[in-house]
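In what follows, a single structure is set out as structure tokens and then discussed.
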Amino acid sequence: MDTFYYILGGILLLALVIAAFRFFQGPTAPDRIVALDAMSIILTAGLAMLALVFHRFIYIDVALIYAILGFMGIVSIARWMEKGI
Amino acid sequence: MIYYIASIAVMLIGLYAVLVKKNLIKIVIGLSLMDAGTHLLLVAIGFIKGGTAPIFSEPGLTADAMVDPVPQALVLTAIVIGLAVTAVALALVIRIYAQHKTLDIRKISSLKW
Amino acid sequence: MKKLLAAFLLGFIGYYLYTAFAGVPFGENKMEVGKDYLETTVPKTGAVNTVTSIVVNYRGFDTLGEVTVLFLAATGLGAILFGMKGKPEDKHREPSSILTTGAKALFPIIVLLGAYIFIHGHLTPGGGFQGGTIIATGVLILILGIKSFHANHALLSVMESLAGITFVVAGILGLAFGKNFLENILPLGTPGQVLSAGIIPIIYIAVGFKVGAELAGVLDTLMSTTRGEE
Amino acid sequence: MDITGIPFFLAVSFGGAFLAYLMNFAHRFLRNAVVLLTVSASAALLFWLGDETFSMEMGGFVLTLGKTPYSLFFAGIVALLAVPTVLFSFTYMAKEERPAMYYLNLLITIAAMYGILFSLDLLSLFIFWEIMTWSSFLLTIHKGGNATKAGVKYFLYSAAGAYAILFSVVILYNMSGSLLIEDVARSFVLQNPLMQLMLAGTLLFGFSVKAGLMPMHGWAPDAYAESPAPFTALFSGALSKMGIFGMGMVLYQIFLQSPFSLPVRELLAWAGGITSALATLRAIQQTDAKRLLAYSSVAQLGYIVMGLALGTPLSMMAALFITLLHGVFKAMLFFAVGAVYFRTGLTDLNELRGLIRRMPVSFLTVLMAIISLANIPPLGGFVGKWLLYESLIQSDHYFLVIVAFFSSTASFLYVYRLIFSIFLGQEEKEFEHVKEVPFLTMQLPMLALAAVTFITGIFPGIVLAPISSALTYLGFPIQHDMWSMSMLFNEWGNRMNLLAMISVIGTVFLTGFTILYFYRMRRTRYVTTKDIHTSGEVPTENENLTYAINFYQPFERAAHPVLSKSIRAWIDWIGRSVSELGDFLRHIYTGDGQTYAWYVVLFLTFMLAAGSWIL
Amino acid sequence: MRFVFSWIVLFAIWMALTSSLQIQEVLTGVITAGIVASFTWKNFTTKGLRYLHPKRIFYILLYILVFLKELVKSNFHVAWIVIHPKLPISPGIVRFPTKLKSETAKLILANSITLTPGTLSVDIKDNMYYIHWLEAQNMTDEEAAQNIAGPFENLLIKIFED
Amino acid sequence: MNIMTIIGMLLTSLGALFLLLGAIGIVRMPDMYTRMQAGTKATTLGAMSFILGIGFMEPAWLIKTILIVVFIALSNPISSHALARAAHRSGIFPLSRENIDLYKKDNQEDKS
Amino acid sequence: MPELFPLSPVHYVAAPLLAAFLLPLVAKLSRSFIKILPGLTFLYVLYVSAVLYPQALQAPIIEQIAGWAPPLGINLYYGPMAGLFASLFSALGFIVWLYSLTQMKQEPLDRFYILLMMLVAGATGMVLTGDIFNLFVFMEITAISAYSLTAFLREDDKAEAGFKYILIGSLASAFVLLGIAILYSYTGTLNLADLALNMDKVPLSVRVIVFGLFLVGFGIEAEIFPLNGWAPDAYSAAPAPVSALFAGITVKAALYALARVTILLFPFAGSMALISILGLVTLVISELAALHQKNLFRMLAYSSMGQVGLAIAALGLFTAEGVYAALFAMINHAIVKGMLFLTVFAMAGGSATLDGLNGMGRKKPILSLLFTLGAFAIIGLPPFSGFWSKLSVLTAMGQTGNYAMIAIVLATTIVEAAYFLRATGRLYLSEGNPAEGKTPLSAIAALAVLAAGILWIGFFPGSIDETLTAGAQDLLDTAKYTEGVLKD
Ligand code: NA
Ligand code: NA
């Protein structure tokens with residue numbers, strides 16, 4: 001089972017790194033945000049996996065909160081882009 | 001160790017922004033980064049290898065398998081405080097902007113004598 | 001030049017900070033009071049979450065202060081931005097109906113989630129601050145998603161007042177019962193259940209309300225002052 | 001409270017001040033009555049003052065009050081001048097604003113002077129000293145306008161002096177564990193000589209500022225000129241003498257045993273001599289009556305310091321005698337000038353003239369005073385100056401004799417100008433309606449003091465007796481009639497031959513005076529003074545022929561190079577430098593927020609570096 | 001009624017959150033859901049309990065199935081595009097009008113379109129959907145509607161607007 | 001190893017795969033809109049599948065994980081939409097070989 | 001009531017907090033509560049002082065919050081020094097409230113009073129707490145109130161001052177927090193007494209670094225040069241009642257924190273000497289910079305920095321006499337500078353300049369007299385309070401043989417006299433025709449209380465001798481502190 005976890009973790013990490021590549025490359029702000037969005041989704045999944053690995057149900061809550069915050073973050077940025085300051 | 005260094009680095013980057021950036025908002029971000037670095041540092045201090053969250057939510061968990069809860073509690077407090085200060089700072093920036101129509105800190109030094 | 005000097009100075013400071021931490025082994029158990037907290041939290045406070053028992057009980061005074069800081073930020077913001085109004089939104093920038101409908105639908109769920117988090121502060125890695133923040137997030141989505149939405153500041157202010165009063169009164173009750181300020185006066189209950197850990201959940205619920213109301217107020221004040229400005 | 005005790009005495013003096021302030025809200029007559037009653041009662045109480053000392057603890061320090069023969073002499077001077085001063089003020093100040101503040105501060109100043117004199121320890125002395133300073137400062141700025149500048153200058157000089165005193169007091173206290181002057185004196189001799197020199201030096205410096213000794217006299221002319229005339233009388237007559245009191249105390253109660261005592265005193269004597277000479281020259285240049293008198297005061301205090309510093313019994317006697325007499329005749333002069341100002345609104349010598357028939361009593365007062373000032377018998381001034389010359393000659397200070405004689409003679413020039421410009425010459429239309437000042441409140445004080453100069457001239461023993469007990473207290477071996485060591489008294493004892501004096505010297509003076517007067521008169525024509533047309537010539541600015549303007553212009557031209565190099569320039573330079581430094585330093589605080597953040601980071605870096613470097 | 005509906009939904013969410021049947025939790029949930037519903041129900045729902053009618057529940061389940069089918073289908077389609085070395089796409093923004101009136105229905109439709117790979121709801125203006133499409137071609141609004149919203153729209157009408 | 005665990009493992013594997021594909025899509029796609037199409041969406045679906053899978057592997061958590069999945073399904077398209085709209089309105093238009101951008105066209109008509 | 005709620009130091013914090021939380025509610029009932037409630041609160045904490053402070057003089061009161069013995073819980077240490085400060089703060093708070101009743105008109109008043117109460121409560125918390133992180137929290141409460149109050153008025157530039165303050169203040173809090181983190185990482189505890197006993201676990205070099213961080217952190221709030229750049233701006237921008245509190249309260253609290261932390265955790269001769277020197281430097285530079293100020297509030301601000309520098313110089317001696325003198329100087333400064341700020345505001349308004357004082361002596365004689373009194377007291381003229389405080393500073397310096405320090409202090413006093421008397425002189429200038437205006441009785445009463453304090457201490461300096469002596473001993477006797485706190 002551990003091997004399975006390692007593989008999953010590895011894939012997530014790889015996805016994260018690839019997405020981060022776009023984040024740093026840009027070129028426009030929305031591009032970075034798209035990358036950020038993807039990264040936060042990957043991290044949400046990662047948090048859920050941590051709960052699995054440590055067998056701690058409570059970590060699932062963290063994933064849920066993280067999902068909400070990620071969502072709010074993107075919407076805020078989007079509205080901000082639309083409105084100026 | 002690398003965590004300490006990374007946290008300190010985050011702090012110093014924030015401080016660098018405070019010292020060098022001209023845009024008020026960037027300076028505020030710099031201050032938040034300083035805070036964030038300190039918070040990271042606190043968490044790093046409390047971290048124990050193999051330790052889990054200090055919550056006895058499931059049977060069988062023992063104290064010696066847990067990370068230090070104190071820094072987490074402190075960070076929780078410190079984050080909220082930092083957030084509050086940032087909010088006030090942003091409010092001040094808004095006022096400054098409304099009055100001076102600029103965010104360049106160099107142009108905001110009418111108080112002298 | 002300035003940048004170079006700044007970098008030099010910061011490198012200098014960084015070096016000293018590094019030496020300060022050079023003697024702190026990373027990842028090792030160096031707890032002193034931390035150990036005591038872990039050992040006493042369940043039997044003495046009834047709270048399963050040690051961080052919560054520290055935040056609300058052992059170091060509850062800090063938290064009272066922290067709540068106050070937030071309260072002051074909200075108050076200060078209102079004072080600083082008093083009388084400032086943003087321009088009305090131009091039509092091109094109104095939120096889309098998707099966002100509006102989504103916001104309306106998500107708001108109750110987010111609020112419920114926030115409530116869940118602060119009600120279970122002593123059981124899960126949540127608490128008043130986290131829950132309150134989530135609730136404020138809920139308000140934020142309304143601000144973002146509903147055209148010319150304004151939080152009901154009167155209601156928020158009543159909420160934060162009541163919540164703050166609850167916290168202080170919970171503290172004073174300790175005194176009234178011949179104990180110390182903020183000392184628990186309720187039965188501890190069964191660890192792990194909702195109704196346990198004495199006054200911790202009560203305080204954390206109050207904190208949740210307070211933080212939620214305050215952050216929402218802060219967000220609304222900031223957004224409505226800047227809304228529409230270039 | 002013991003009615004003969006010093007606490008009661010001071011309570012009356014200070015209490016009267018506040019009572020008078022409160023009474024102002026009732027009625028001004030009531031207030032004036034309280035004022036007069038207070039100073040009279042203090043004066044009267046001096047006679048009943050008991051011998052016991054009084055101690056109290058305050059702020060962890062023991063304060064001790066008590067009278068000494070030395071202080072009693074000075075207290076007498078204060079009392080002697082205080083009563084006429086308040087009397088003179090009643091009418092004079094009636095026109096001015098904020099009379100309540102004036103009387104409050106005046107009475108506080110008077111009370112504080114008593115306090116200084118009756119302090120047996122250095123701290124009480126300093127406390128009363130400072131109270132005197134600030135209350136007199138408030139009096140100085142009372143008129144507003146230029147007075148403010150003069151007052152601030154006065155205060156700053158005073159503060160420099162006072163803090164020099166305090167500096168020594170703190171160190172002396174630390175050394176001896178006591179503030180009592182006698183205890184301090186006892187432990188003082190145990191210190192190393194250089195320490196002794198420094199401590200005594202700062203103390204003497206501090207006291208000499210108040211005395212207006214050059215080069216610390218910069219405040220005096222402005223302050224005297226700008227403060228209300230009645231107060232100036234007290235200011236110059238009594239208040240500046242507190243500096244003399246302190247210097248005497250330091251020199252003979254504390255510093256005497258030090259190896260540096262003699263050279264320091266020699267230096268002081270020279271400073272006194274130079275002060276008298278230079279200030280006299282300055283006085284001659286003045287065109288404002290009050291400024292003229294102000295420089296004259298500085299000059300006279302120079303004499304006093306000279307006598308004080310020589311430290312022979314005779315010179316001390318001279319110094320103390322002049323201290324009293326100067327107080328009296330200078331008060332007369334300020335009163336008279338004040339009276340003229342009261343009626344005409346002028347103190348400018350170039351604008352005043354011919355008031356002799358309009359204000360005869362004022363004229364008489366000025367005449368009496370300048371006779372005294374110019375050391376002409378039979379009035380008191382003569383006795384003091386004579387004693388001084390004698391002591392200078394006896395102690396072989398021949399050069400100082402020349403200096404003193406020179407300035408005495410030169411002082412003729414300015415006193416002549418004073419009386420001539422104001423009272424003699426052609427009457428002006430504009431002064432037609434000028435009347436003499438009221439008798440009771442203004443003439444009486446002047447006449448009373450004039451009588452004092454007369455009496456002390458004829459019966460110097462009245463003054464010399466308390467002086468000798470004061471000197472005995474200071475440790476000078478003087479028997480009761482020891483003043484007979486002066487030639488002056490060898491033959492007549494404590495009483496002078498009035499007739500001989502008048503016939504010998506008085507005639508000389510009056511002759512000279514008359515000659516001068518008529519010499520001047522001959523050159524005048526009966527036109528209005530503002531009419532400067534003279535035989536068709538166009539007058540140039542520097543050769544203004546209107547006679548009273550630029551009275552001593554030729555002299556000024558001659559003296560200018562000497563005077564302009566006065567040390568005041570140095571003091572001004574210090575003031576300017578401090579000011580410029582302040583202006584430079586304020587630029588530290590004119591940055592933006594980031595500037596200050598840089599300060600913080602630089603400071604932190606410095607602290608970390610310094611800390612680890614020290615380790 | 002709308003309040004009760006909100007309460008029920010929120011309570012269900014609460015139960016999911018706690019995943020516990022402890023009596024304390026249930027009671028707390030009832031109370032909390034009630035409180036939250038009491039000040040949110042006006043915005044939360046427009047129809048109330050009608051959504052709990054069995055017919056609608058049937059259509060909801062049907063909709064989920066259809067949606068999942070579309071999801072999987074288009075998912076693999078787009079996955080193929082992503083891995084394809086030539087990136088065979090021709091992106092663009094197309095539009096179509098909708099027959100839906102309910103705002104909630106419009107939201108669900110927009111979300112469904114967005115979630116199914118290949119299409120992305122950029123905006124709704126009045127009744128006009130603007131969709132970013134990876135394989136956009138010049139076509140009429142009706143064709144676009146058929147292509148993009150086709151499987152969902154009718155079911156949504158049945159759920160929300162009958 | 002029961003059936004639930006196997007379903008869970010399948011779902012998590014699938015999810016992880018889609019997360020990876022999404023990340024690749026973000027890097028490969030030519031413009032912001034297509035990146036959202038290929039990237040954000042794929043990662044979203046991946047995360048949903050992944051989290052659901054975890055719920056199957058720990059059946060006690062299933063309900064809660066479903067809740068999260070529903071929440072993501074509800075919220076993520078909204079944020080994507082908001083972002084796309086904002087980008088478009090701030091002047092970033094999609095690449096298109098045939099200039100198909102009816103949204104731009106309609107907006108311009110609205111304004112004039 | 002006393003039986004139901006036994007008085008304890010926590011009331012200093014709890015009562016204002018309760019009032020602050022209540023204020024928005026009662027404001028809805030009646031707007032007049034906005035003004036009444038803070039007054040009642042300050043009265044109550046004054047009452048708490050009246051009861052507790054005499055007890056503290058006998059033996060320090062140590063309160064364990066939430067019933068947890070230190071180092072687990074947070075404790076309050078209400079010794080003679082903390083008691084002195086707490087009482088002083090309460091009194092000043094009350095006076096400023098009394099003054100603000102009529103002088104403070106800018107809305108939103110409810111927020112103003114909340115921030116005002118919290119400024120006082122935060123500062124009081126700073127001196128009461130026995131826990132270093134809790135100290136940080138209270139420092140933030142104080143600071144965030146201060147930031148908001150600085151920018152409270154609507155005019156231009158107020159926000160600028162607020163931003164400068166928050167910028168530098170945030171650096172302060174970041175450094176303090178960092179210092180706390182380092183200490184915790186070595187000792188695993190946060191209680192000050194416990195830390196004091198465990199400082200040997202921290203290597204000397206690290207202690208120096210932490211001391212540097214704390215010095216900068218608390219030094220910013222304590223207005224030590226060169227960390228005080230924010231101060232002149234903040235003082236001149238804030239409403240005068242607030243400036244009075246800055247001078248009287250916030251600086252004092254930071255200074256207390258610095259002193260307590262230094263003596264407990266970093267009792268090296270070097271650190272103490274350093275503090276003394278910094279105090280002197282602050283004194284000299286501030287007083288010189290004040291010389292050229294035309295804005296009166298700015299002038300008073302520099303003067304404040306100078307006075308605090310004086311107190312710091314004395315404090316740095318860390319002898320009984322030195323601390324005594326420092327406490328004396330702080331009390332004096334709190335009263336006198338408070339009065340000056342309030343007087344100037346009542347006389348010439350919020351943007352008072354030197355020229356604005358011209359002719360005040362005639363138009364507003366009482367206020368002019370009060371200003372004169374304040375100026376004299378600050379300079380240190382007898383028989384006013386400032387004289388005794390300055391004298392005690394000088395004798396304390398004399399006792400350690402620092403004659404040069406005495407000379408420096410006296411020399412700067414002359415500078416101080418120069419600018420204060422220049423201002424005083426302006427009052428009595430005949431030019432200038434300031435507007436007439438009645439000062440309300442409550443404001444005069446507030447000023448009168450302070451003036452009475454100046455005179456009382458001036459004539460009866462012995463009356464606070466016991467207080468100061470006990471306070472000084474309390475600070476210096478670290479063994480008693482640690483034993484008291486950790487007795488079980
Ligand atoms: Na801060
Ligand atoms: Na000052």
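Atoms considered below: every heavy atom in the structure, side chains included; atoms not considered: hydrogens, waters and symmetry mates. Residue numbering restarts at 1 for every chain, and letters A, B, ... go by the order of the sequence lines.
- Residue D:Val152 touches chain G through its side chain alone, counting heavy-atom pairs closer than 4.5 Å.
- Ranking D:Phe61, D:Phe137, D:Phe584, D:Phe603 against chain G, the residue ahead of the rest is D:Phe603, based on heavy-atom pairs under 4.5 Å.
- Looking at G:Val415, only its side chain comes within 4.5 Å of chain D, counting heavy atoms on both sides.
- Most heavy-atom pairs under 4.5 Å with chain D: of the set G:Phe328, G:Phe163, G:Phe211, G:Phe384, this distinction falls to G:Phe384.
- In this view, D:Phe126 and G:Phe387 satisfy the ring-ring contact (aromatic ring centres under 6.0 Å, His included) rule, not counting sequence neighbours.
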Worked check of side-chain contact (heavy atoms from CB on, under 4.5 Å) between D:Val170 and G:Met397: CA-CA 9 Å; D:Val170 170; G:Met397 288 170 172; over 6 Å; no
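- Proximity to chain D is absent for every atom of G:Ile224, based on heavy atoms less than 4.5 angstrom apart.
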Heavy-atom donor-acceptor pairs under 3.5 Å, chain D with chain G:
from, atom 1, to, atom 2, distance (Å)
D:Trp134, NE1, G:Pro382, O, 2.6
D:Asn174, ND2, G:Gly398, O, 2.7
D:Asn174, ND2, G:Tyr403, OH, 3.4
D:Ser579, O, G:His292, NE2, 2.6
D:Ser579, OG, G:His292, NE2, 3.0
D:Tyr589, O, G:Arg298, NH2, 2.9
D:Tyr589, OH, G:Asn228, OD1, 2.8
D:Tyr589, OH, G:Asn228, ND2, 3.4
D:Gly591, O, G:Lys164, NZ, 3.3

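- In this structure, the portion of G:Ile168 lying under 4.5 Å from any heavy atom of chain D is its side chain and not its backbone.
- Contact annotation for G:Ile220: only side-chain heavy atoms (C-beta onward) come within less than 4.5 Å of a heavy atom of chain D.
- D:Gly59 and G:Pro461 make their closest contact through N-CG, 3.3 Å (heavy atoms, listed as atom of the first residue, atom of the second, distance).
- Only the side chain of G:Met305 has a heavy atom closer than 4.5 Å to any heavy atom of chain D.
- Ranked by heavy-atom pairs shorter than 4.5 Å toward chain G, the options D:Leu138, D:Val600, D:Leu602, D:Ile614 are led by D:Val600.
- Interface residue G:Leu369: only side-chain heavy atoms are found under 4.5 Å from chain D.
- Per-residue heavy-atom pair counts under 4.5 Å with chain D were compared for G:Gly212, G:Ala417, G:Gly398, and the maximum is reached by G:Gly398.
- Of the listed residues G:Leu167, G:Val208, G:Leu227, the one with more heavy-atom pairs under 4.5 angstrom with chain D than any other is G:Leu227.
- Looking at D:Val578, both its backbone and its side chain come within 4.5 Å of chain G, counting heavy atoms on both sides.
- Separating the CG atom in G:Leu171 from the CG atom in D:Leu604 is a distance of 10.0 Å, to the nearest 0.5 Å.
- For D:Leu123, the part lying under 4.5 angstrom from a heavy atom of chain G is the side chain only.
- Interface summary for chain G: among D:Leu166, D:Ile127, D:Leu585, the most heavy-atom pairs under 4.5 angstrom belong to D:Ile127.
- Between chain D and the options G:Ala411, G:Pro383, G:Gly401, G:Ala290, the largest number of non-hydrogen pairs under 4.5 Å is found for G:Pro383.
- Contact of G:Leu215 with chain D is made through the side chain alone, with heavy-atom distances under 4.5 Å.
- Between chain G and the options D:Ala147, D:Ala162, D:Gly145, the largest number of non-hydrogen pairs under 4.5 Å is found for D:Gly145.
- Applying the 6.0 Å contact sphere to CG of D:Leu581 captures more than 12 heavy atoms from other residues, nucleotides or ligands.
- If you tally non-hydrogen atom pairs under 4.5 Å between each of G:Gly462, G:Pro365, G:Pro226 and chain D, the highest count goes to G:Pro226.
- Contact count versus chain D (heavy atoms, under 4.5 Å) is highest, among G:Leu291, G:Leu381, G:Leu394, for G:Leu381.
- D:Ile588 touches chain G through its side chain: at least one heavy atom from C-beta onward sits under 4.5 Å away, while N, CA, C and O do not.
- For the set D:Ala100, D:Gly593, D:Gly611, the count of heavy-atom pairs under 4.5 angstrom toward chain G peaks at D:Gly593.
- For G:Leu274, the part lying near chain D is the side chain, with the backbone staying farther off; criterion is any non-hydrogen pair under 4.5 Å.
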